[in-house]
Amino acid sequence: MLCLAPTIDALASDESVTAEQAREIVRRADEQMRGNSSYVVATMNIVRPNWTRSMSMKSWTKGQDLSLVLVTAPAKDKGSVSLKRYREMWNWVPAIERIIKIAPSMLSQSWMGSDFTNDDLINQSSIVVDYRHQLVKREAIEGDDCFVIDAFAKPDAPVVWSRIRLWISTSHYLQRRVEFFDEFDDLVNTLTASDIQSMGGRMLAAKMVMIPADKPGQRTELITHEAAFDFEIGDDFFSKQQMKALRD
């Protein structure tokens, strides 16, 4: 693992920080959220000017390549599953008893009507492998000193965002703020993270809010209730067969 102490020292004295060091900071932030494996119980609140809808969910990850999200409530969405295996993604829709493959063109589509895209929620770890990284500056958020890093999509990478700007805590490597930009470098969404607390033996942001830039009064909140990390889980759990069989 690359030692980060030189990175912090270099920043403090306004010296240059390499792309490799910036990438390592982003990798550490990704690892902080998921570990070698993870299990999370959360509520998603989709807020609109005239209504609010809530969903309960459970999610599992293993490494950077395997993830699964199960919707447990409300009744009309219960049993819906999203699966990522390496570069492929699928949705299980229990109402029609069909597995639908998510084509690359569908990555930018809303996940379950929220302000999170399929790419945001299912394909999060691509920020490490599909982007090149450049440290911009240091800046505090709520008194938490952060690295500010720009991630630029690599040519032909199967991603939605052409640029992502991340505020990553220098103390616990949590992502405190993320801005998502389209191919015209226009800001599309902003993700904020707050209510930092210990869960599953590590520090996590219990509240994350995705806010569209051009839709006043609209946001999606993701509230984490419990989490566990670094447990044994087989690759076969992340399968299309498991999507159909998984129950609350």
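Everything numeric in this text was worked out from a predicted model, so none of it was measured.
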> Got a second to check how far Leu66's CG is from Ile233's CD1, nearest 0.5 Å?
Replying inline: 9.0 Å
> Got a second to check how far Trp167's CH2 is from Thr192's OG1, nearest 0.5 Å?
Replying inline: 11.5 Å
> Minimum heavy-atom separation for Val129 to Lys154, with atom names?
Replying inline: O-NZ, 3.0 Å
> Which heavy-atom pair separates Lys101 from Met106 by the least distance, and what is that distance?
Replying inline: O-SD, 3.9 Å
> What heavy-atom pair brings Leu83 and Lys240 nearest, and what distance separates the two atoms?
Replying inline: CD2-N, 3.8 Å
> What pair of heavy atoms forms the shortest contact from Leu174 to Met203, and how long is it?
Replying inline: CD2-O, 3.4 Å
> If you round to the nearest 0.5 Å, how far is CD1 of Ile25 from CD1 of Ile168?
Replying inline: 7.0 Å
> Where is the tightest heavy-atom contact between Ile100 and Ile96, given as atom of each residue plus distance?
Replying inline: CD1-CD1, 4.5 Å
>> Suppose we screen for side chain to side chain donor-acceptor pair (under 3.5 Å). Which residues come up paired with Ser198, at least two apart in sequence or across chains?
In response: none
> Counting distance only, does the side-chain N/O of Ser80 pair as donor-acceptor with the main-chain N or O of Asp77 below 3.5 Å?
Replying inline: yes
> Does the distance from a Lys or Arg side-chain N to an Asp or Glu carboxylate O, for Glu31 and Arg28, drop under 4.0 Å?
Replying inline: no
> So, do Phe180 and Trp161 have ring centers that fall under 6.0 Å from each other?
Replying inline: yes
> Does the distance from a Lys or Arg side-chain N to an Asp or Glu carboxylate O, for Arg177 and Asp144, drop under 4.0 Å?
Replying inline: no
> Sequence neighbours excluded, which residues qualify as side chain to side chain donor-acceptor pair (under 3.5 Å) partners of Glu221?
Replying inline: Asn45, Arg219
> Counting only heavy atoms not in Glu232, do more than 12 fall under 6.0 Å of its CD?
Replying inline: no
> Under 4.0 Å between a Lys/Arg side-chain N and an Asp/Glu carboxylate O for Asp115 and Arg48?
Replying inline: yes
> Taking the side chain as C-beta and beyond, is there a heavy-atom pair between Val178 and Ile164 under 4.5 Å?
Replying inline: yes
> Phe238 ring centre to Arg85 NZ or CZ under 6.0 Å, with the angle to the axis within 45°?
Replying inline: no
> Is a side-chain N or O of Ser162 found less than 3.5 angstrom from the main chain of Asp182, in a donor-acceptor match?
Replying inline: yes
>> With a 4.5 Å cut-off on side-chain heavy atoms, are Asn36 and Phe229 touching?
In response: no
>> Nearest 0.5 angstrom please: Asp65 CG to Thr61 OG1, how far?
In response: 11.0 Å
> Within the side chain of Thr72, is there an N or O that forms a donor-acceptor pair under 3.5 Å with the backbone of Ser56?
Replying inline: yes
> Got a second to check how far Asn118's CG is from Trp111's CH2, nearest 0.5 Å?
Replying inline: 9.0 Å
>> Return the CD to NE2 distance between Gln21 and His133, rounded to the nearest 0.5 Å.
In response: 13.5 Å
>> Give me the atom names and distance for the closest heavy-atom approach of Leu222 to Ala42.
In response: CD1-CB, 4.1 Å
> Got more than 12 heavy atoms from elsewhere within 6.0 Å of NZ, Lys244?
Replying inline: no
> What residues form a ring-ring contact (aromatic ring centres under 6.0 Å, His included) with Tyr39, not counting sequence neighbours?
Replying inline: Trp60
> Would one find more than 12 heavy atoms of other residues, nucleotides or ligands at under 6.0 Å from atom CG of Asp186?
Replying inline: yes
>> Tell me if the CD atom of Glu183 is crowded by more than 12 foreign heavy atoms within 6.0 Å.
In response: yes
